[in-house]
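For ligands, and for the atoms within them, numbers begin at 1 and follow the listed sequence. Keep in mind that the numbers below use all heavy atoms, side chains included, and drop hydrogens, waters and symmetry copies.
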Amino acid sequence: MSTASDRKHYSMIIDGKSVEAQSGLTFETFNPSKNEVLATVARAGKADVDAAVAAARGALNNAWKKTSAVKRTRLLMKYAELIQKNIDELARLETMNCGKPVWASKGELTQGIEDFEYYAGAITKLTGETLVMPNNLFAYTTREPVGVCGQIVPWNYPVMMAAWKLAPALAAGCTVVLKPASATPLTALCLAELALEAGIPAGVVNVITGPGAEIGAYMAEHPGIDKIAFTGETETGKAIMRAAAGTMKRVTLELGGKSPNLVFEDADLAAAVNGSVFAVFYSSGQSCEARTRVYVHEKVYDAFVADFIAKTQKLVVGDPLHEKTQIGALISDAHLRKVHGYVESGVAEGARLECGGKKVETGDLAKGNFYAPAVLTGVNQKMKCVREEVFGPVVTISPFKTESEALELANDTEYGLAGTVWSTNGARAIRASAGIKAGLITVNQPFTGFPGVPFGGFKQSGFGRELALETLKLYTEQKSVVQWVGEKPLNPFGL
Ligand code: NAD
């Protein structure tokens, strides 16, 4: 990989080659902490999608299907090693393109590397079954790769979402056409280059760049694509599901969230504050699983809110390339305005803005999309800021009286991605975890993404799981074989 963060133009990777769009068109991608152009990128159209799908189909039939699981393990381990070798450069590029602190980019890359290692190890353990059958019949199941997979990822965790998708697909023997978000296409393109350097055959990993409404939508209906794995907004997920129905594609969807964070009166309050601040403001709140709705038992509410505000005000908002920065830039000025709109609407509906809630205008930061983390209290369940996904550094905090009320408030949402429980009462922690309708609950800590721990939503947060052993199965088709093993041939019609 040449020094990625110095490059001024990025081409697509199709069939192992660096290519421009057939139309010759390009688009600009930005550094959100300065609002300066970072690079130009090839802008794919439908013809480029067709070329990428043809390359993926060719590689599936001619190379990847013939590569044994053990060989795929070795190639994926090599791939992980190469990402590790380039981690500093990739983290810098990720930070320059999406605005998150460089330590966070590095952490997400580290997790991406672990995903490749996890699935590299797991694929040789995926076996079929022999089944209990009537006499003289023998039956077994096998698993085959689904085929060509279209993978569409968002801008908030560009490289990590790409890794979550690529690792199980490649391990399972699928080939891929990956489309990153137009705001953050650069690290995905680098991943495609590294796949080739690792020895993964040309055409197995194709990365195309361009507008989602055009080429993403075309991928969802494309007859040459067997499965779509999507991460992004719930509304986009619904459109993809509808488009995929035409060819009965396999679909997995990781969508939006509005995750609750319950702080009980028996919680370790200092830990709950520190963990809750992280759980909502990591990645400047641009996180599907951000625990944005904090509900606190009335007995500890005042103490919790005071400490939460004090800690929020201490967060270091700044240049994401500085190691000490905790809150980087939002992805764009338009997104910052949208986030601010939620704070304004909350205040207009009667919420109290306790701190933050405005664009940072000091010194060099004024050029970028920096937003001071906002804490809203005095909210109710009807407010837009409580109901809708803000996707920025904005939290709402409100009190509850009883455990059952806490669960009712937690579940009063169309989403169901994640949730957190803070309690030192073990039985209550288990009860509350069971009571929250969401795919992933954390107890007394805010972290979620671990290879092997299924990640995905209930309700309108999507379906299918990533990071899990089960994910491998979602990249395969199960086949049943039923065979006659009797000594005499069968003659069912007695002919
Ligand atoms: P988005 O839905 O706007 O875009 C996601 C991707 O889909 C991009 O690559 C985009 O170009 C493409 N796209 C847009 N319109 C399309 C269409 N009609 N057909 C096909 N593809 C299309 O989402 P975003 O703004 O990039 O990302 C933020 C969203 O992602 C939030 O809602 C967040 O909660 C969600 N998210 C979910 C998870 C999860 O694991 N559940 C993880 C990260 C982000």
Side-chain angles (χ1 to χ4, degrees), residues 27 29 32 41 43-44 46 49 97-98 100 108 111 115 150-165 177-185 187-189 207-222 225 228-246 249 251-259 280 282-292 330-332 334-335 338-339 388-392 413-418 438-440 448-449 453-468 471:
F27 65 94
T29 190
V41 185
R43 185 192 189 281
K46 290 182 178 176
V49 178
N97 201 187
C98 79
K100 71 177 63 197
E108 289 165 24
Q111 203 233 76
D115 299 338
Q151 303 187 318
I152 303 177
V153 293
W155 49 259
N156 60 330
Y157 294 112
V159 82
M160 194 173 80
M161 290 296 105
W164 282 25
K165 296 214 162 6
V177 176
L178 176 85
K179 195 204 90 62
S182 296
T184 56
T187 44
L189 290 163
V207 175
I208 56 172
T209 43
E214 189 182 325
I215 61 166
Y218 185 54
M219 284 168 72
E221 65 184 35
H222 202 292
I225 292 182
I228 288 279
F230 170 76
T231 298
E233 283 182 21
T234 294
E235 287 313 309
T236 317
K238 289 178 187 175
I240 286 178
M241 214 170 151
R242 283 191 290 270
K249 282 184 182 49
V251 177
T252 48
L253 301 170
E254 296 283 0
L255 308 175
K258 190 72 186 171
S259 298
V280 65
Y282 178 77
S283 196
S284 300
Q286 300 169 122
S287 189
C288 50
E289 49 150 331
R291 265 47 63 79
T292 49
L330 299 188
I331 192 68
S332 65
H335 187 61
K338 188 176 157 206
V339 167
E388 295 182 16
E389 187 178 40
V390 175
F391 224 57
T413 171
E414 65 193 23
Y415 295 110
L417 190 57
L440 180 55
T448 54
V453 178
F455 189 101
F458 284 16
K459 304 196 292 189
Q460 295 204 28
S461 289
F463 54 82
R465 292 291 178 268
E466 294 196 299
L467 286 185
T471 311

Charged N to carboxylate O below 4.0 Å: is that the case for Lys165 and Glu466?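 Yes, this pair counts.
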For the side chain of [X] and the backbone of [Y], is there at least one donor-acceptor N/O pair under 3.5 Å apart?
X	Y	result
Ser284	Gln286	no
Lys179	Ile208	no
Arg291	Lys258	no

Give the numbers and elements of all ligand 1 atoms closer than 4.0 Å to a heavy atom of [X].
X	answer
Cys288	33 (C), 34 (O), 36 (N), 37 (C), 38 (C), 39 (C), 40 (O), 41 (N), 42 (C), 43 (C), 44 (C)
Ala213	15 (N), 16 (C)
Ile152	6 (C), 7 (O), 9 (O), 12 (C), 20 (C), 21 (N)
Phe391	28 (C), 31 (C), 33 (C), 34 (O)
Ala217	19 (N), 20 (C)
Leu417	41 (N)

For Trp164 together with Tyr157, are the ring centres under 6.0 Å from each other?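 They do not qualify: ring centres at least 6.0 Å apart.
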Does either side chain, that of Asn97 or that of Thr29, offer a donor lying less than 3.5 Å from an acceptor on the other one?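 Present: a donor and an acceptor within the cut-off.
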Is it the case that the side chains of Gln460 and Thr234 hold a donor-acceptor pair, with the cut-off being a distance below 3.5 Å and no angle test?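 Note: Thr234 and Gln460 side chains miss the donor-acceptor criterion.
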Any nitrogen or oxygen of [X], side chain or backbone, less than 3.5 Å from one on ligand 1?
X	value
Trp155	yes
Glu389	yes
Leu255	yes
Ser461	no
Trp164	no

Region of [X] engaging ligand 1 - heavy atom pairs below 4.0 Å:
X	result
Ala239	neither
Ile240	side chain
Asn156	side chain

Does ligand 1 have any atom that is closer than 4.0 Å to a heavy atom of Pro180?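 So Pro180 counts as touching ligand 1.
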Protein heavy atom under 4.0 Å of atom 4 (O) of ligand 1: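 So atom 4 (O) of ligand 1 lacks protein heavy-atom neighbours under 4.0 Å.
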More than 12 foreign heavy atoms under 6.0 Å from NZ of Lys46: is that the case here?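 For Lys46, atom NZ is not crowded (no more than 12 foreign heavy atoms under 6.0 Å).
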